[in-house]
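Worksheet: the structure to be examined is printed underneath.
First listed ligand is number 1; within each ligand, the first listed atom is number 1.
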Amino acid sequence: MKIIKYINLIIIMAAIAAIVSCQPQNKKSTAQNKKSTTNIPNRKWWKEAVVYQIYPRSFKDSNGDGIGDLKGIISKLDYVKSLGVNVIWLNPIFASPNHDNGYDISNYRKIMKQFGDMNDFDTLLSEIHRHGLKLILDLVVNHTSSEHRWFKQSRSSRNNSYRNYYHWWPAERGKPAKRYSFFDVNNNAWRYDSTTNAYYLHYFARSQPDLNWENPKVRQAIYKMMRFWFNKGIDGFRMDVIPFIAKDTTFPKMPAKYHGNWAHFYANGPHLHEYLKEMNREVLSKYPNTMTVAEGAGVTIGEALKFVDPARKELNMLYNFDGMSLGYLPGKYKTLDPKGVKLVDFKNVYTRWDSIYEDKGWGTIYLGNHDQPRMVTRWGNDSPQFRALSSKMLTTFLMTMRATPFYYFGDELGMTNIKFDSIQDYEDIETLHEYQHLKNTGGNLKKFLDNQKMVARDNGRTPFQWDTTRNAGFTTGHPWLKVNPNYKTINVAVEEKNPNSVLNYFKKIIRLRKKNLVLIYGRYTLLDKENPDVYAYTRELNGKKDLVLLNFTTHKAQAKLSFDMSKAKLLIDNYSTAQDTNAVKTFTLRPYEAVVFELK
Ligand code: ISL
Ligand code: CA
């Protein structure tokens, strides 16, 4: 059991990525970068893009039902464009009973009715393109909703032609070997179904049965559906828990004492890369300017290139969970270690993941998404004193690493965790089911709720904060999830007017990244490795060198440097005032200060 909980822990942490047809630079920056671009092999538009993730349910409600929708997104594309981002990733927008907010799809070719219809989608896509942006959709094909036509057929009889679309275990063979489920109140991934006296597999909720990818008909049906969306003109897919699609379908017993790679039992099945190659051959290769990014749940550093080495012809990018997994107690369900995260460990994770893409492949970087708490609460400091500074510092990190940033909507405002007091306020199936599980098993509910204030997924899903009007301008109705009461100060309208806002800093640093290819393609070198307070690194490309210094603490901190700073040119500083001008071989940073220099 302990092992299985640990599996969950590892998987708990993950996130996103993207691709499309390339317009890498505008005219001015092309000229500026002329010299340095000559030696950049394998330039791709998606390596130079910033992806902006929108949780459609919470972005903008157009009809007052309290739920964000496609028309709402259309009405806000000027805002998205003004940020300087290039790609929009939408969480699932397909027909769904919404047990897991769209990650339980009942029809892959229909739009969720709360979000609109196919006309709205077509308008959205053409408007996104008219704005010079690209769109990637969420591909959720490890499982469907139990209300999907395939599953209804599959469960109806053992002889149904859809029977093998899912994983069934006939009860006469006894109980199947234990598998852990993420969102099941009993933590059990096998659900007994009396209609056919058999168990079906669901790694997530009971209403999310796992598709059987061993069945070629399943694979062909998925490829066809992917072509349907590509033919409409979308620019790529983010692939939900894609390593899970392939399993060891003999479902062996988990060893009592768990060593080694849990994913062997849950994911990364023997045929995974065969399937991804097949998907590439049959779909992706036919849409060459698009992008793909795998949610690499459970993918270790040693396996990443199998997904993204271009020579293997599988996917473009993968996002890993190693960074997100830091600071959780082992063996406990999503519980943060009160000791926090050591910056040295944080630096090591990102440095190791950078190194695997030194020669081939390409990385992604993110600090928040719809499965995570808010970036500033989790990795920075959401107190009034430091919220803006630490938000900007974290954004500086994301925009200066050698990887495609996946930036979560609202982080550009410095939105924070809402920290609900009561279980009644939560909507997320994960929180609700784990609460029920603890209740049934006599767990500590108070402790659970305290911890959820930091880790619950709903913290990152509260409505977007547009202005100071009722419900932050998100809806005229009753919002599906409470609006964070801090919306009066943290919102687009207020921040657009303030030149020093988190929002304006975000726009500024995106511009800096865009016109400075060193920050995109340059080699990354970690400096002052053991420094417990400061994250320092250089980026180098064709003789140009930039230096990034980030103070992750509430106090002053010094970076030890091996070069003379006297001629360095300041490119950006989150304090926007004079910095340590006497710096020679050390540089003193103020609390949460972030600076980027060009070294001469
Ligand atoms: O969010 C998690 C727990 O906090 C993760 O373990 C998450 O379940 C895992 O990363 C897979 O996530 C994806 O698939 C889920 C869906 O609920 C998530 O929102 C999605 O990102 C099932 O489709
Ligand atoms: Ca609506």
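- Comparing Glu295, Arg238, Glu434, Arg461 against atom 9 (C) of ligand 1, the shortest heavy-atom distance belongs to Glu295.
- For the residue pair Asn101 and Tyr55, a side-chain donor N or O sits within less than 3.5 Å of a side-chain acceptor on the partner.
- Considering every non-hydrogen atom in both Tyr200 and Arg206, the closest pair reads OH-O, 2.8 Å.
- For ligand 1, the atoms lying closer than 4.0 Å to a non-hydrogen atom of Val241 are 11 (C).
- Between the OD2 atom of Asp69 and the OD1 atom of Asp61, the angle centred on the Ca ion (ligand 2) amounts to 90° when rounded to 10°.
- Among the backbone and side-chain atoms of Ile67, an N/O/S atom is found under 3.0 Å from the Ca ion (ligand 2).
- In this structure, Glu427 does not pair ionically with Arg461, as no charged nitrogen and carboxylate oxygen lie closer than 4.0 Å.
- Side-chain atoms of Trp480 and Ser58 form a donor-acceptor pair, as typed in the model, at a separation below 3.5 Å.
- The nearest non-hydrogen atom to atom 4 (O) of ligand 1, considering only His143, His370, Gln372, Lys334, comes from Lys334.
- Distances below 4.0 Å separate heavy atoms of Phe183 from the following atoms of ligand 1: 8 (O), 17 (O).
- Of all N, O or S atoms in Asp65, the one lying closest to the Ca ion (ligand 2) is OD1.
- Salt bridge Glu295/Arg238: present, at least one basic N to carboxylate O contact under 4.0 Å.
- For the Ca ion (ligand 2), the N/O/S atoms of Ser62 include none lying under 3.0 Å.
- Between Tyr52 and Tyr79, the two ring planes are perpendicular [angle over 60°; tilted spans 30° to 60°].
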